[in-house]
Undergrad: 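Mind looking over this structure? Questions follow.
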Amino acid sequence: MILVTRINGAVFALNPDLVERVDCTPDTVVTLVDGTKYIIAESVPEFIDSVRHYRASLIAQASRLEPEHVATNSSSHSSSDDELDAKVLPLHRKDR
């Protein structure tokens with residue numbers, strides 16, 4: 001999650017994986033994949049930079065955890081684990 005600021009100054013956390021696009025109109029409008037729109041105080045480059053840092057931190061954390069995860073799960077890995085990892089949840093789109 002990244003922290004963004006509404007125009008009125010309220011800060012909230014946003015899942016950047018749900019962002020479809022960001023427009024500069026001249027306010028910065030974040031549109032999610034379900035059609036929800038947020039107007040935020042950050043500029044488009046600042047928003048993109050926040051997403052970049054968030055994703056880099058996830059990759060850094062995953063690279064630190066991976067050797068431990070492989071060592072603890074290598075003996076208990078089964079085909080039922082693969083089925084749990086492969087579940088895809090459908091998104092509910094709002095009417096636009």
Side-chain angles (χ1 to χ4, degrees):
M1 304 291 270
I2 61 170
L3 296 178
V4 292
T5 310
R6 291 182 189 267
I7 292 295
N8 67 4
V11 176
F12 66 102
L14 178 70
N15 183 348
D17 294 335
L18 300 178
V19 173
E20 178 180 307
R21 70 173 187 265
V22 181
D23 300 308
C24 182
T25 66
D27 292 330
T28 304
V29 179
V30 178
T31 305
L32 304 185
V33 292
D34 68 352
T36 303
K37 293 180 186 272
Y38 295 104
I39 299 173
I40 61 172
E42 290 82 2
S43 66
V44 172
E46 290 171 336
F47 180 81
I48 291 170
D49 200 43
S50 294
V51 172
R52 185 178 296 132
H53 284 287
Y54 167 74
R55 291 191 174 151
S57 72
L58 289 181
I59 292 169
Q61 282 183 322
S63 66
R64 284 192 297 262
L65 296 175
E66 190 169 317
E68 179 181 318
H69 177 74
V70 170
T72 58
N73 290 335
S74 62
S75 61
S76 64
H77 189 70
S78 68
S79 63
S80 64
D81 291 338
D82 292 335
E83 292 171 8
L84 291 175
D85 291 340
K87 279 190 173 180
V88 176
L89 299 176
L91 295 175
H92 301 282
R93 298 183 73 78
K94 286 185 174 179
D95 293 330
R96 295 183 183 185

Undergrad: Identify the residue among Thr36, Leu18, Val19, Ile39 that makes a side-chain contact (heavy atoms from CB on, under 4.5 Å) with Val30.
TA: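 Looking at Thr36, Leu18, Val19, Ile39, the match for Val30 under the side-chain contact (heavy atoms from CB on, under 4.5 Å) is Val19.
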Undergrad: Rounded to the nearest 0.5 Å, what separates atom OG1 in Thr5 from atom CZ in Phe47?
TA: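 Going from the OG1 atom of Thr5 to the CZ atom of Phe47 covers 11.5 Å.
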Undergrad: Mind listing the closest non-hydrogen atom pair of Pro16 and Arg55 along with its distance?
TA: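 For Pro16 versus Arg55, the nearest heavy atoms are O-NH2, 3.3 Å.
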Undergrad: I need the minimum non-hydrogen distance between Arg6 and Ala41, along with the two atoms involved.
TA: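 The answer is O-CB, 4.1 Å.
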Undergrad: Between Val51 and Ile2, is there a side-chain heavy-atom distance shorter than 4.5 Å?
TA: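 Yes. Closest side-chain heavy atoms under 4.5 Å.
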Undergrad: Going by ring-ring contact (aromatic ring centres under 6.0 Å, His included), name the residues that satisfy it together with Phe12, two or more places apart in sequence or in a different chain.
TA: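 Partners of Phe12 under the ring-ring contact (aromatic ring centres under 6.0 Å, His included) test: Tyr38.
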Undergrad: Does a donor on one side chain and an acceptor on the other come within less than 3.5 Å for Thr28 and Glu42?
TA: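 The criterion, which ignores hydrogens and geometry beyond distance, is not satisfied for Glu42 and Thr28.
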Undergrad: Going from CG on Leu58 to CG on Leu65, what distance comes out if it is rounded to the nearest 0.5 angstrom?
TA: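 Output value for this atom pair is 10.5 Å.
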Undergrad: Is any side-chain heavy atom of Asp49 closer than 4.5 Å to a side-chain heavy atom of Glu46?
TA: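 Side-chain contact under 4.5 Å: no.
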Undergrad: Would you compute the distance between atom OG of Ser50 and atom CD1 of Ile40 and round it to the nearest 0.5 angstrom?
TA: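 Interatomic distance, Ser50 OG to Ile40 CD1, rounded to 0.5 Å: 8.0 Å.
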Undergrad: Using a strict 4.0 Å threshold on nitrogen-to-oxygen distance, state whether Lys37 and Asp23 make a salt bridge.
TA: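 Salt bridge absent between Lys37 and Asp23.
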Undergrad: In this structure, would Val22 and Ile48 fall into the same cluster of hydrophobic residues linked by side-chain contacts under 4.5 Å?
TA: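 Cluster IDs for Val22 and Ile48 match.
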Undergrad: Would you give the length of the straight line joining atom CD of Glu20 to atom OG1 of Thr31, rounded to the nearest 0.5 angstrom?
TA: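 One gets 6.5 Å once the value is rounded to the nearest 0.5 Å.
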Undergrad: Starting from Val11 and following side-chain heavy-atom contacts under 4.5 Å between hydrophobic residues (I, L, V, M, F, W, Y), which residues can be reached?
TA: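 Leu3, listed by chain and number.
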